[in-house]
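Encoded as structure tokens, the structure appears first; notes follow it.
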Amino acid sequence: QLQLVESGGGLVQPGGSLRLSCAASGRTFDSYAMGWFRQPPGKEREFVAAISWSGEKTYYADSVKGRFTISRDNGRNMLYLQTNNLKPEDTAVYYCAATDYGVAHGILTRNRHEYGYWGQGTQVTVSS
């Protein structure tokens, strides 16, 4: 089992920034590609960003491209999401997730059903 625990959420004004963190334990972290998803109030969970096991490849939803940056530190078993220029529509519970889908071929997926491990989520609220 791989355990994932998110932190770093909070209340921020529009235009502000937050750095979300995800701590992994239990299995070999660098065996997995990682992703961030979010679930806005009353909506389905949606893809935000993904990163390959090595950190060399990244993939973003159009809605966050240029504002959010996903990164990982395999030595510390940590995943990060730097969020900048936040907008009210970024308000959501943010989840980190792990997948072994396509890892051997460097393929990144935005399909949440391909991710087998999930954290409990951290709330991000963007409001003035």
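Note that these values count all heavy atoms, side chains included, but never hydrogens, waters or copies made by symmetry.
- Hydrophobic clustering of Ile, Leu, Val, Met, Phe, Trp and Tyr side chains at less than 4.5 Å, counting indirect connections, keeps L2 apart from Y80.
- Looking at every heavy atom in both residues, S17 comes nearest to V12 through N-CG2, 3.9 Å.
- Hydrophobic clustering of Ile, Leu, Val, Met, Phe, Trp and Tyr side chains at less than 4.5 Å, counting indirect connections, unites V64 with L81.
- Between S31 and D100, the closest side-chain pair of non-hydrogen atoms is not below 4.5 Å.
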Walk me through it: do L108 and I51 pass the test side chain to side chain contact (heavy atoms under 4.5 Å, CB included)?
-> CA-CA 7 Å; L108 297 177; I51 189 167; 5.7 Å; no
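- Using cut-offs of 30° and 60° on the angle between ring planes, the pair Y59 and F47 is tilted.
- Within the 4.5 Å cutoff, side-chain heavy atoms of L4 are placed close to those of M34.
- Tested against W53 for a side-chain contact (heavy atoms from CB on, under 4.5 Å), the candidates T99, T28, V103 yield a single pass: V103.
- A distance of 9.5 Å separates OG in S54 from CG in D30, rounded to the nearest 0.5 Å.
- In this structure, the side chain of E6 engages the main chain of G121 through a donor-acceptor pair within 3.5 Å.
- Minimum interatomic distance between S71 and L79 (heavy atoms only, all atoms of both residues): O-CD1, 3.3 Å.
- When atom types are taken as modelled, the side chain of R72 and the backbone of S52 share a donor-acceptor pair closer than 3.5 angstrom.
- For K87 (side chain) and P14 (main-chain N/O), no donor-acceptor pair under 3.5 Å exists by modelled atom type.
- Nearest approach of E44 to Q39, heavy atoms of both residues: C-CG, 4.0 Å.
- We find the CD-OG distance between Q3 and S25 to be 4.5 Å, quoted to the nearest 0.5 Å.
- A donor-acceptor contact shorter than 3.5 Å links the side chain of Y60 to the backbone of I70.
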Dump the intermediate steps for side chain to side chain contact (heavy atoms under 4.5 Å, CB included) on L18 and V124, then the final yes or no.
-> CA-CA 9 Å; L18 285 174; V124 172; 3.9 Å; yes
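- From Q13, atom CD reaches atom OG1 of T125 across 13.0 Å, with rounding to the nearest 0.5 Å.
- Considering all non-hydrogen atoms of both residues, A92 and Q123 come closest at O-NE2, 3.4 Å.
- Within 6.0 Å of the OH atom in Y101, the count of heavy atoms belonging to other residues, nucleotides or ligands does not exceed 12.
- For the pair S63/R38, a side-chain contact is recorded, criterion being any heavy-atom separation below 4.5 Å from C-beta on.
- Distance alone, capped at 3.5 Å, places no donor-acceptor pair between the S21 side chain and the S7 backbone.
- Of the candidates N85, L86, L20, N84, F68 forms a side-chain contact (heavy atoms from CB on, under 4.5 Å) with just one, namely L86.
- Criterion: ILVMFWY side-chain heavy atoms under 4.5 Å apart, direct or through other members. Under it, F29 and Y117 are part of a common hydrophobic cluster.
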Please report the C-alpha distance between R67 and K65 in whole Å, then the side-chain angles of each, then the deciding distance to 0.1 Å, and finally whether the side chain to side chain contact (heavy atoms under 4.5 Å, CB included) criterion is met.
-> CA-CA 6 Å; R67 300 188 298 122; K65 202 174 295 183; over 6 Å; no
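- Taking the six-membered ring where tryptophan is involved, the planes of Y115 and F37 are perpendicular, since the angle between them exceeds 60° and thus also 30°.
- Relative to the six-membered ring of Y95, R45 meets both conditions, a distance below 6.0 Å and an angle of at most 45° to the axis.
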Side chain to side chain contact (heavy atoms under 4.5 Å, CB included) between R110 and E46, worked out | CA-CA 8 Å; R110 64 184 297 147; E46 63 185 26; over 6 Å; no
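- For CD of E89, the number of neighbouring non-hydrogen atoms (other residues, nucleotides, ligands) closer than 6.0 Å is greater than 12.
- Of the possible polar contacts, none joining the T122 side chain to the Y94 backbone as a donor-acceptor pair under 3.5 Å is found.
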